[in-house]
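First the structure, in the form of structure tokens, and then the observations on it.
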Protein chains: 2
Amino acid sequence: MVNRSPDLSGAVSERLENAGQRLTGNRSALVDVLGEAARPMTIPEILEERPDLAQSSVYRNLVVLEQAGLVHRIVTNDEFARYELAEDLTGHHHHLICANCGSVEDIPPIPALEAAMDGAITQVARRTGFHTETHRIDLIGLCARCS
Amino acid sequence: MVNRSPDLSGAVSERLENAGQRLTGNRSALVDVLGEAARPMTIPEILEERPDLAQSSVYRNLVVLEQAGLVHRIVTNDEFARYELAEDLTGHHHHLICANCGSVEDIPPIPALEAAMDGAITQVARRTGFHTETHRIDLIGLCARCS
DNA sequence: CTTTCTGCAAACGATTTGCAGCAGC
DNA sequence: GCTGCTGCAAATCGTTTGCAGAAAG
């Protein structure tokens, strides 16, 4: 996500403080790496970009950042979990997941789809009592490189 | 999924054979359990229902059934993976995932949403070269019990 | 200063696998 | 009867955790 909020670092320190956590170099480094990536990253990818970080601290800090509402963890059928900045920092988006190589790319929301989704959420609430907070739309197929 | 194909067992033996695998009691037992559930099941849930099955065989056979195209594995943020019958056996559907208790329920596709999805898939292919094979729509929120 | 964070190495737990005996075909 | 499946127990590997020293406020 390149289009990050102008006040990303403000949000970071504010939400960490609200969560009773300190703002440390490791934690801003993680937010930076995730903020510059155009897709959710695995921990090996993060470590490749920032070899100075200790693996255990990355795991620990991603938990902290997730609890602070700054980072979102997503699990695919791949072996590693992936992390991205929270949607309210990067904008709502969906994922293209390659069934062959496992890569994940972000795409912006498609207006007609989002509109249909709003109607669907209302229907579901009426029919099942389920109260939707957010939704996830993934397209699964072959990326340009694999097809 | 209660509305299973009338020829479920036919599909099972045929696809196992195509995959060069034998049809065994354990494997049909798994298909039965998944076919009767209204939602994707974890391995502990499967073992609870069929305590006679060995855990390692369940893991192994779910891999075989997935490769044969009979079963689909889904991963949530929950600690266990979940398994369901392939969509062409049960019908296309989506999931309601409770952010609080982690439960997953199936819901039928919503026509307006599916129609919008078709348009979106075309747009994505044109813009990014990604060739969509299937899609996944999950609504995340609070189930009737947790809200 | 005090409290929280970090890095190392050891622990954990869901899943996978080696192997000897059993079952599909 | 061969070959592939099963069950047990041991191994694997992503992730979590305990602890002593370092850094945030």
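What you are looking at is a predicted structure, and each value in this text was computed from that prediction instead of being measured. Labels below follow one simple rule: chain letters A, B, ... track the order of the sequence lines, proteins then strands, and each chain is numbered from 1.
Residue contacts for R60(A): at a heavy-atom cut-off of 4.0 Å it reaches a base atom on one of the strands shown. In this structure, I43(B) reaches neither bases nor backbone, as no heavy-atom distance under 4.0 Å exists between it and the strands shown.
Phosphate contact (OP1/OP2 of dG7(D), side-chain N/O of N26(B), threshold under 4.0 Å): present. Side-chain nitrogen and oxygen atoms of Y59(B) include none within less than 4.0 Å of the OP1 or OP2 phosphate oxygen of dT16(C). Listed pair Q55(A) / dT15(D) fails the phosphate criterion, with no side-chain N or O lying under 4.0 Å from OP1 or OP2. R27(B) has a side-chain polar atom (N or O) that falls below the 4.0 Å cut-off from OP1 or OP2 of dC5(D).
Rounded to a whole Å, the CG atom of L16(B) is 9 Å from the P atom of dC5(D). For the pair L47(B) CG and dA14(C) C1', the computed distance is 12 Å after rounding to whole Å. Across the protein-nucleic acid pair, N61(B) atom CG and dA23(C) atom C1' stand 13 Å apart, rounded to whole Å. Between D78(B) atom CG and dT15(C) atom P there is a gap of 10 Å when expressed in whole angstrom units. The distance from atom CG of L23(A) to atom C1' of dT4(C) is 13 Å, rounded to the nearest whole Å. If you measure from atom CD of Q21(A) to atom P of dT4(C), you get 9 Å, rounded to the nearest angstrom. Regarding D52(B), its CG atom lies at a distance of 14 Å from the P atom of dA23(C), rounded to whole Å. One interatomic measurement links the two molecules: CZ of R22(A) to C1' of dA22(D), which rounds to 11 Å at whole-angstrom precision.
Atom CD of E17(A) has 12 or fewer heavy atoms from other residues, nucleotides or ligands within 6.0 Å.
DNA chain C is contacted by both G25(B) and P44(B); P44(B) maps to the nucleotide lying nearer its 5′ end (nearest heavy atom per residue).
You'll find a donor-acceptor pair under 3.5 Å spanning the side chain of S56(B) and the base of dC8(D), going by distance alone.
With a 4.5 Å cut-off on side-chain heavy atoms, H93(A) and I107(A) do not count as touching. A 4.5 Å side-chain heavy-atom check between Q21(B) and R27(B) finds at least one atom pair inside the cut-off.
Among R73(A), H95(A), R39(A), the one residue that satisfies the side chain to side chain donor-acceptor pair (under 3.5 Å) test with E84(A) is H95(A).
Side-chain contact, H94(B) with E114(B): a donor N or O sits under 3.5 Å from an acceptor N or O.
Comparing dC5(D), dC5(C), dT6(D) by their nearest atom to the side chain of T24(A) picks out dC5(C).
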